[in-house]
Amino acid sequence: MSHNIVNPVTPEDYRYLAKKRLPRFLFEYIDGGANNQDTLRANTNDFTKYHLKQHVMRDVSNIDTSTRLLGQQASMPLALAPVGMAGMMARRGEVLGAKAAKTAGVPFTASTVGICPVDEIQAATNSPFWFQLYMLRDRDIILDLLKRAEAAGCTTLVFTVDLAVAGMRHSDTRNGMLSNRFSGQIAKVQQIVTRPRWVADVALRGQPLIFGNLKDVVPNPNDLNAYKQFIDDQFDPTVTWQDIAWLRSVWKGKLMIKGVMEVDDAKAAVDAGADAVLVSNHGGRQLDSVASTISKLPDIASAVGGQTEVYMDGGIRSGVDVVKAVALGANGVLIGRPWINALAARGESGLNDQLAIFQKEIEVSMALMGVNKIADINRDLIEY
Ligand code: FNR
């Protein structure tokens with residue numbers, strides 16, 4: 001790849017620039033997957049197994065990429081996935097992500113473990129967004145977070161269920177990511193001093209670098225390591241579908257269950273009252289060797305698509321991939337690494353550009369497939 005990409009276009013271009021910009025432990029936190037990273041690779045590679053059909057000589061002068069995602073108008077079938085610690089990758093990164101999403105006309109999802117709290121995002125964008133939550137042991141904290149999310153105008157709760165325990169991301173261990181050990185701290189200092197632009201932008205001017213949504217409940221607000229420990233202790237591996245039924249009773253907005261990979265789980269999510277299921281393996285960051293999400297999507301969409309909305313994430317790297325997912329039954333997709341890399345590399349304008357490219361790619365694909373509306377993209381247009 002070129003040494004200096006002046007006009008980045010693809011997620012791979014922004015990935016390259018983000019790598020040059022970020023300290024290694026942060027870049028690899030974004031980039032890595034669990035264990036041998038087989039699922040991480042499969043998520044992207046498996047898109048090549050599906051082929052779109054080219055149809056010619058149809059009037060495609062009125063292409064419309066817009067659609068509705070959980071009752072909300074969107075410019076294309078795409079939303080920004082929850083990405084923890086976005087504010088470590090760019091100055092006040094969650095706010096920038098939400099602003100770019102608003103400019104593009106797509107939903108933004110704030111992570112539980114964001115740097116900017118939901119009210120900061122709301123104040124900066126003044127438009128509705130989605131909020132992601134994990135089940136925490138202390139249900140009062142859950143109720144408090146839901147109240148704050150609702151007050152900040154969150155319309156949809158994205159409830160992540162594939163984190164009963166944290167996956168084994170070896171690069172994070174290797175790099176001393178969130179390590180309290182002296183050797184880990186030293187390793188990070190070495191990585192940071194080679195990235196002065198990141199230091200100036202984020203470390204100095206991006207404060208406070210704390211988990212904003214949790215600052216009132218964590219014992220040691222200025223210590224990210226203490227936060228990490230708190231969150232690890234709070235992850236609740238006892239969660240079952242009954243807890244989702246409880247959640248359904250306390251959250252009045254839309255509920256999306258994130259991390260469903262099997263048909264029986266998708267049916268259980270519907271039974272528990274989900275408005276949407278998100279076929280996701282956490283971007284290959286949890287169970288390594290589980291199948292790619294695009295290969296799991298068709299069966300889940302067939303099984304529950306009539307009762308609930310179906311979304312997918314993992315490995316989407318272009319508008320062409322978005323069209324494939326829609327053809328296989330998705331109402332929409334979420335992107336993780338593509339948005340955070342664009343933001344890390346080039347800030348809000350980089351993300352604006354990346355989202356515009358995705359939309360253009362969707363539009364051009366539709367034109368060359370001979371369809372004018374998102375609703376007309378169906379399984380007849382894909383083969384494998
Ligand atoms: C994530 N993901 C994630 N998911 C979630 O529910 N809560 C979170 O806080 C995070 N944090 C997070 C950080 C980083 C750096 C990454 C890359 C991912 C998972 C994310 O929402 C999504 O499922 C995947 O990123 C989708 O795969 P792609 O688009 O990155 O291939």
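Just so we're clear, the structure is a prediction, and the values are computed from it rather than from any experiment. Order of listing sets the numbers, starting from 1, for every ligand and every atom in it.
- Separation of atoms CZ (Arg15) and CG (Asn341) is listed at 7.5 Å; rounding is to 0.5 Å.
- Using a 4.0 angstrom heavy-atom cutoff, Val83 counts as in contact with ligand 1.
- At least one heavy atom of Arg317 sits closer than 4.0 Å to an atom of ligand 1.
- Close contacts between ligand 1 and Gly315 involve ligand atoms 28 (P), 31 (O) [criterion: under 4.0 Å to a heavy atom].
- The shortest N or O to N or O distance between Ala81 and ligand 1 is not below 3.5 Å.
- For ligand 1 and Ile30, the ligand atoms under 4.0 Å from any heavy atom of the residue are 15 (C), 17 (C).
- With a heavy-atom cut-off of 4.0 Å, Gln132 touches ligand 1 through its side chain alone.
- Checking only distances, Pro82 does come within under 3.5 Å of ligand 1, N or O to N or O.
- Listed by atom number, the atoms of ligand 1 under 4.0 Å from Gly336 heavy atoms are 25 (O), 28 (P), 29 (O), 30 (O).
- Glu28 has no carboxylate O lying under 4.0 Å from a charged side-chain N of Lys19, or vice versa, which leaves the two without a salt bridge.
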Candidate pair Thr65 and Glu363, rule side chain to side chain donor-acceptor pair (under 3.5 Å), full reasoning: CA-CA 6 Å; Thr65 64; Glu363 198 181 308; 5.5 Å; no

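- Close approach to Lys258 involves these atoms of ligand 1, each under 4.0 Å from a residue heavy atom: 4 (N), 5 (C), 6 (O), 19 (C), 20 (C), 21 (O), 22 (C), 23 (O).
- The closest approach between Ile316 and ligand 1 stays at or above 4.0 Å for every heavy atom of the residue.
- Here the CG atom belonging to Leu52 is positioned 12.5 Å from the OH atom belonging to Tyr384, to the nearest 0.5 angstrom.
- Contacts with ligand 1 closer than 4.0 Å are made by side-chain heavy atoms of Arg285 only, the backbone lying farther away.
- Here the rule is side-chain contact (heavy atoms from CB on, under 4.5 Å) with Met312, and of Leu297, Val260, Asn331, Asp321 only Leu297 fits it.
- Remark: Phe129 CZ to Gln122 CD distance equals 6.5 Å, nearest 0.5 Å.
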Worked verdict on Asn213 versus Thr112 for side chain to side chain donor-acceptor pair (under 3.5 Å): CA-CA 6 Å; Asn213 293 318; Thr112 307; over 6 Å; no

